[in-house]
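Take a look at the structure set out below.
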Amino acid sequence: MRASLMNLVTLREDPADAEIASHRLLLRAGYLHKSGSGLYLYGPLMHRVITKVQAIVAEEISRTGALQITMPILQEQALWEKSGRWAAYQATRTMLTVKDRNDQVFGLAPTAEEVVTDYAAAVVKSYRQLPVTFFQQHTKFRDEIRPRFGLMRVKEFIMMDAYSFHASDESLAETYAAMRVAYTRAFRRMGLEAFAVEADAGAIGGTGSHEFMVAADVGEDAILFCAESGYAANVERATGRIAAAPGWNAPAAPQVVATPNVGTIADVIGFLNRNGFADATAAHALKCVLFVAKTVPSATKQAGADVSVAAFVRGDREVNEVKLLNSVNRHLGAQGPVLSLRPMHPEEVRAATGAEPGFAGPGDGLKVAVVIIDQTLKDAGALIAGANRTDHHVVGVQLPRDLPADRTVVWDDLTTIRAGDGCPLSGQPLAERRGIEVGHVFKLGTKYSAPMHAEFTGQDSKLHPFIMGCYGIGSSRVAAAAVEQHNDADGIRWPMAIAPYQVVVVPAGKPGDAATTTAAEGIYQALLASGIEALLDDRDAKPGVKFKDWDLVGIPLRIVCGRGLATGEVEFKPRGGESANVPVGEAAARAIVLVRAALAVV
Ligand code: ATP
Ligand code: MG
């Protein structure tokens, strides 16, 4: 491609609202045009990058034996009613919907479990056809609350989504493992340092899941990991060993203490330290957080019925709301499923405890539907808890000893694990890093096939629901994550495999100088003839301007035909690397070797 024909428009200045490198650089170099909030137009350069990402992903997913298909983006409400997800996705407003001329409502694909399960039910009848995996690369829509960071979180994006169907859990485990290998290979080929972490399954559901993360300081996800055991998990789901609180001088029997005008746990501890309990710390307190859980509206239930929930964790720790939501769903039984939690409003706290906010505790007087207590508080010794009475606490509460006889509690893991806590496997301190989620794999089991009656005839001649897995890679987010990992002060540094073009040849002689033009044209034509994606910068611009543009755009190799031609040499300048002089006659051949080596699939 000749640069004069590329409509190349680059910006000197950073766009005002771009907070992270990928967003900033992709806008500045003309890859993206903001078309609306959370909506981007992919310019010609971006189109090439995305196409390459998709090709690599498709190649690696196909290698597992998966079959590529294309599903409709418009999804019938009735299909989603069958799986039971319509109400949940409507209530959380994750799905965008449209109506046709007959007022029929459709969802715009946020994911495609229902559509593909319906397909499998139609085309896969016997265990002899299993396992089978279908995948597509198609547009997805999500009504994100806060679109941001350019392509990272948008309302419309491209996802590779794959769905596997099995006759047994063992078969699912095999495909799940093969997909993890495919992901690892795909990300490595794209020059991304990605790693798998244990993840929460979220709205997709199922029995197990891993996220693939690209390490980046700007990542929205926190990951806890242990170098010794290899454990790595999203903080939403991480488990860990929490050091026991130190011993302290607590009363043997619970003692109600007036604690006037203290609000926070720190205030309560400070007050008690000054009033007879010198060695009490926040780790001896019991933190009670009160929530309202919203259940999914259904035909038989009032829309979004509310359930009150009390969550207890140690005073120096935080409630993990993802763990809490999962726990509520596991234990609420007939009342579930629960979609979301919100902290109680002050008047709700007063109704639930009979006290002002700040004095809730596990004793009599706490009136909530569900009490969930973090397991670390069981037999943890004496604790300081709210007395469900304004300006009063109880010192020396022991759990479960001092729970009211009629109180039903659930013991569960509710605590947010943090760096320094012990690894659940090795016990060594966990470390923390941030990551961008680029892919996700889920073991779904029969979550979709059972309610949708998607069944096959087994070896026993009986009907069985498919055992399923699903797998997603955000192809457009991957492109942004690659920029996040590969950039410098001058611009983008694309890995060769996903660069929009691989080599740019820049004539840098005096305007109209025939020797530079001829040399550049010759190298350019030789590269094209060998299938290299080459650019020739034939624009009427100063060399310095050209160099700046290609650094910003991020072309991996620049070949400059300039002053060196006098002695028969051109300059090779890998993006971000050292330049070297190369004989003009060898330039094309050397560039071809370089590009091919960088693209080699290992
Ligand atoms: P997130 O936690 O970032 O909202 P998710 O867990 O909802 O993502 P999945 O349902 O697992 O996403 O979708 C699979 C992949 O699609 C993600 O790993 C991510 O790469 C991509 N993806 C999801 N939401 C978006 C979005 N709003 N914009 C761009 N890519 C997205
Ligand atoms: Mg996910």
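Every heavy atom of this structure was used, including side-chain atoms; hydrogens, water molecules and symmetry mates were not. We count ligands from 1, going down the list as the structure has it; atoms in each ligand are counted the same way.
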Ion pair Arg330/Asp412, N-O distance below 4.0 Å: yes
Donor-acceptor side-chain pairing of Ser62 and Gln68 below 3.5 angstrom: no
Within reach of ligand 1, part of Thr111 (heavy-atom separation under 4.0 Å): neither
Atoms (protein N, O or S; no water) under 2.8 Å from the Mg ion (ligand 2): 2
Test applied, side-chain hydrogen bond (donor to acceptor under 3.5 Å, both in side chains); reference residue, Tyr176; option that passes from Lys443, His166, His210: His210
Nearest-option assignment for atom 2 (O) of ligand 1, heavy atoms, candidates Glu437, Met152, Lys155: Glu437
Near-ring test Tyr31/Tyr42, centroid separation under 6.0 angstrom: no
contact_flag Glu211 ligand 1 heavy-atom lt 4.0 Å: no
Tyr501 six-ring face occupied by Arg48 cation (under 6.0 Å, within 45°): yes
Axial cation check for Phe225 ring with Arg433, 6.0 Å and 45° limits: yes
Identity and distance of the protein heavy atom lying nearest atom 15 (C) of ligand 1: Gly474 N, 3.9 Å
Per-atom contacts of ligand 1 with Val438, taking only distances under 4.0 Å to non-hydrogen atoms: 18 (O), 20 (O)
Atom CZ of Arg63: over 12 foreign heavy atoms under 6.0 Å: yes
Nearest neighbour in protein (non-hydrogen) for atom 19 (C) of ligand 1: Arg477 NH1, 3.5 Å
Pair Lys140 + Asp161: basic N to acidic O under 4.0 Å: yes
Contact check: Ser476 vs ligand 1, nitrogen or oxygen atoms, below 3.5 angstrom: no
Nearest-neighbour protein heavy atom for atom 4 (O) of ligand 1, which is reported as residue plus atom name and distance: Arg153 NH1, 2.9 Å
Whether Leu151 lies under 4.0 Å from ligand 1, heavy atom: yes
Nearest non-hydrogen protein atom, atom 5 (P) of ligand 1: Arg142 NH1, 3.6 Å
N-O pairing of Arg317 and Asp421 below 4.0 Å: yes
Flag, side chain of Arg575 to backbone of Ile555, donor-acceptor distance under 3.5 Å: no
Nearest protein heavy atom with distance in Å, relative to atom 13 (O) of ligand 1: Met159 CE, 3.5 Å
For atom 24 (N) of ligand 1, the protein heavy atom that lies nearest, with its residue and separation: Phe157 CZ, 3.5 Å
Contact with ligand 1 for Gly439, non-hydrogen, under 4.0 angstrom: yes
Residue and atom name of the nearest protein heavy atom (relative to atom 27 (N) of ligand 1), distance in Å to one decimal: Glu144 OE2, 2.7 Å
CG (Asp217) with more than 12 external heavy atoms under 6.0 Å: no
Nitrogen or oxygen of Val154 less than 3.5 angstrom from that of ligand 1: yes
Side-chain donor/acceptor of Thr415 to backbone N/O of Ile417, under 3.5 Å: no
Protein heavy atom at shortest distance from atom 11 (O) of ligand 1: His440 ND1, 3.0 Å
CD/Gln428: more than 12 non-hydrogen atoms of other groups inside 6.0 Å: yes
Backbone of Ser476 reached by a side-chain donor or acceptor of Gln54 within 3.5 Å: no
